[in-house]
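One structure is given here, and the rest of the page talks about it.
Quick caveat: nothing in here was measured; it's all calculated off a predicted structure. This chain uses plain numbering: 1 for the first residue, then up along the sequence. FYI, side chains are in, hydrogens and waters are out, and symmetry mates aren't considered; it's all heavy atoms of this structure.
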Amino acid sequence: VEAGLTVTHEMGLPQIFVVEEEFRRLMLATELDYVTHLAEAIKTNGLTGVRGWRRLHTLVEQGLTFEEVMADPVRHLGEEAADFVDLDESR
C-alpha cells in the first residue's frame, strides 16, 4: 500500500485517484494496532475470560467434554465460571 501510494504521489496523481488506498492504509494501521493490543491483553490476562478459557481447554484436553464442564461450571472453573455463564442460571 505504501509503495503504491509513493508511486502515485511521484506520478503527481490528484488525491481523488488514491483516496481508496489512503483509506485502506488507515484501516490496516488501525487493525494492526487493535490486534497488537488484543494479543498483549491475552498474553497478560488483561482480557476478561482468558483464564477461564484456558482452564476450559485444559479440562477438555484432559478428557472432559464442554457439556460436562458447563453442567457444573463452578466445580470445574471456580470463580472463572463467572466469565462464561450467569451463575444464577447454572445452579
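Environment of CG in Leu32: crowded, with over 12 heavy atoms of neighbouring residues, nucleotides or ligands closer than 6.0 Å. Taking a 6.0 Å sphere around NE2 of His37, one finds it holds 12 or fewer heavy atoms contributed by other residues, nucleotides or ligands.
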- Task: Could you check Arg51 against Leu77 for side chain to side chain contact (heavy atoms under 4.5 Å, CB included), going step by step and ending with a plain yes or no?
- Result: CA-CA 9 Å; Arg51 189 176 307 124; Leu77 301 174; over 6 Å; no
- Do Arg75 and Val69 pass the side chain to side chain contact (heavy atoms under 4.5 Å, CB included) test, and can you show the C-alpha distance, the side-chain angles, and the key distance before you say yes or no? CA-CA 8 Å; Arg75 176 175 164 233; Val69 174; over 6 Å; no
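In the hydrophobic clustering, where aliphatic and aromatic side chains (Ile, Leu, Val, Met, Phe, Trp, Tyr) are joined below 4.5 Å either directly or transitively, Leu5 groups with Val1, Val18, Leu28.
Listed by first then second residue, pairs satisfying salt bridge (Lys or Arg N to Asp or Glu O under 4.0 Å) with a partner in residues 22-38 read Glu2-Arg25, Glu21-Arg24, not counting sequence neighbours. Listed by first and then second residue, the salt bridge (Lys or Arg N to Asp or Glu O under 4.0 Å) pairs involving residues 5-18 amount to none (not counting sequence neighbours).
Taking CH2 from Trp53 and CD1 from Ile42, the interatomic distance works out to 7.5 Å, rounded to the nearest 0.5 Å. Taken from CZ in Phe66 to CG in Leu59, the straight-line distance is 11.5 Å, to the nearest 0.5 Å. For the atom pair Met70 CE and Leu56 CG, the distance stands at 6.0 Å (nearest 0.5 Å). Rounding to the nearest 0.5 angstrom, the gap separating the OG1 atom in Thr58 from the NE2 atom in His76 is 13.5 Å.
Between Thr44 and Val50, the closest side-chain pair of non-hydrogen atoms is not below 4.5 Å. Within the 4.5 Å cutoff, the side chain of Thr65 has no heavy atoms near those of the Val60 side chain.
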